[in-house]
Amino acid sequence: MKKILLFLLLVSFVCGDELKRIESIVADITELRVKYKECKNSLETRLENDQKENEKIIKKLENQIVKYENLLKTKEKEILVLKNKKPKKVVKRTMKKQACKPIKVDKPNEFPKLVLKDQYSKDIVKTEPFTYRFKNDAFIYDDIDGKKIDEWEGETSFTSNVRSESWVKITGYFVDRVWVRSKSSMWVKIKDVRKR
């Protein structure tokens, strides 16, 4: 009997430690389940918040897209209106003639009178104004046999009333079908142009 009691005591000691271990494992498992549920809930709320925030950002961006599309449409309409707009007619205004009083000059003019160079004065002739057109792309010069200052495309129109044997002076040209007086000396070879 003593042996049985000793055996039971030993078994209870051995089993008692096992029971404590099992109880501690069960407590750990329940604690882990609670933490798992808390993490899952916080993750779900965070995802919902992020989704709401992303939806707000998306709505804001969509509103900006609509705003810029409307701006683009209005600018395109303005461009179309400007393209279709006819240029204003040039109104010639006549100035009233006023009596001019002679100016008294104390000193004679110190500047000599401007005279064309001898070699050009023989060739250059004033003519009736004509409209010319370029046959092809050609260079514009600052004087007869001068420096190249520009190149104009073929079929460009201009006016002139000064010419020589082989040169024509550009006295005016057309910008958007409006005649503009030439402000600088511009010459073109007569072989590159034709009368209209």
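Just so it is clear, the values below take in all heavy atoms, side chains as well, and ignore hydrogens, waters and symmetry mates.
- Two residues are said to be in side-chain contact when any heavy atoms from C-beta on lie closer than 4.5 Å; E31 and K35 meet this criterion.
- For E44, the CD atom is densely surrounded, since the number of other residues' heavy atoms within 6.0 Å is greater than 12.
- Placement of F139 and V168 in two distinct hydrophobic clusters is found when ILVMFWY residues are connected by side-chain heavy-atom separations under 4.5 Å, directly or transitively.
- Cluster annotation: I25 is not connected to Y36 through the hydrophobic network of ILVMFWY side chains, with a link wherever side-chain heavy atoms come within less than 4.5 Å.
- Side-chain atoms of T30 and V34, non-hydrogen and from C-beta on, never get closer than 4.5 Å to each other.
- Hydrophobic clustering of Ile, Leu, Val, Met, Phe, Trp and Tyr side chains at less than 4.5 Å, counting indirect connections, keeps F174 apart from I140.
- S185 places a side-chain N or O within 3.5 Å of a backbone atom of D142 that can act as its donor or acceptor partner.
- Rounded to the nearest 0.5 angstrom, D28 CG and S24 OG are separated by 6.0 Å.
- Formation of a donor-acceptor pair under 3.5 Å by the K135 side chain with backbone atoms of R194 is not found in this model.
- In the hydrophobic clustering of ILVMFWY residues, with side-chain heavy atoms under 4.5 Å counting as a link, I124 and Y141 come out together.
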**Request:** Starting from the C-alpha separation in whole Å, work towards a yes-or-no answer on side chain to side chain contact (heavy atoms under 4.5 Å, CB included) for D145 and W187.
**Result:** CA-CA 9 Å; D145 293 325; W187 292 81; over 6 Å; no
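- Separation of atoms CD (E55) and NZ (K52) is listed at 9.0 Å; rounding is to 0.5 Å.
- Among all heavy-atom pairs drawn from F134 and V188, the shortest one is CE2-CG2, 3.5 Å.
- When all heavy atoms are compared, the tightest approach of R163 to I190 is NH2-CD1, 3.0 Å.
- Separating the NZ atom in K75 from the CG atom in L72 is a distance of 10.5 Å, to the nearest 0.5 Å.
- Using a 4.0 Å cut-off between a side-chain N of Lys or Arg and a carboxylate O of Asp or Glu, R196 and E155 do not qualify as a salt bridge.
- A perpendicular orientation is assigned to the rings of F158 and W152, their planes being inclined by more than 60° (bins at 30° and 60°).
- The CH2 atom of W179 lies 6.0 Å from the OG1 atom of T171; values are rounded to the nearest 0.5 Å.
- Of the possible donor and acceptor atoms, one in the side chain of D137 sits under 3.5 Å from a partner among the backbone N and O of G154.
- Contact check for Y132 versus D192: no side-chain heavy atoms found under the 4.5 Å cut-off.
- Rounded to the nearest 0.5 angstrom, R46 CZ and D50 CG are separated by 6.5 Å.
- Note on M186: it does not cluster hydrophobically with I144, by side-chain heavy-atom contacts below 4.5 Å among ILVMFWY residues.
- Note that CD1 of I57 and NZ of K59 are 12.5 Å apart. Values are rounded to the nearest 0.5 Å.
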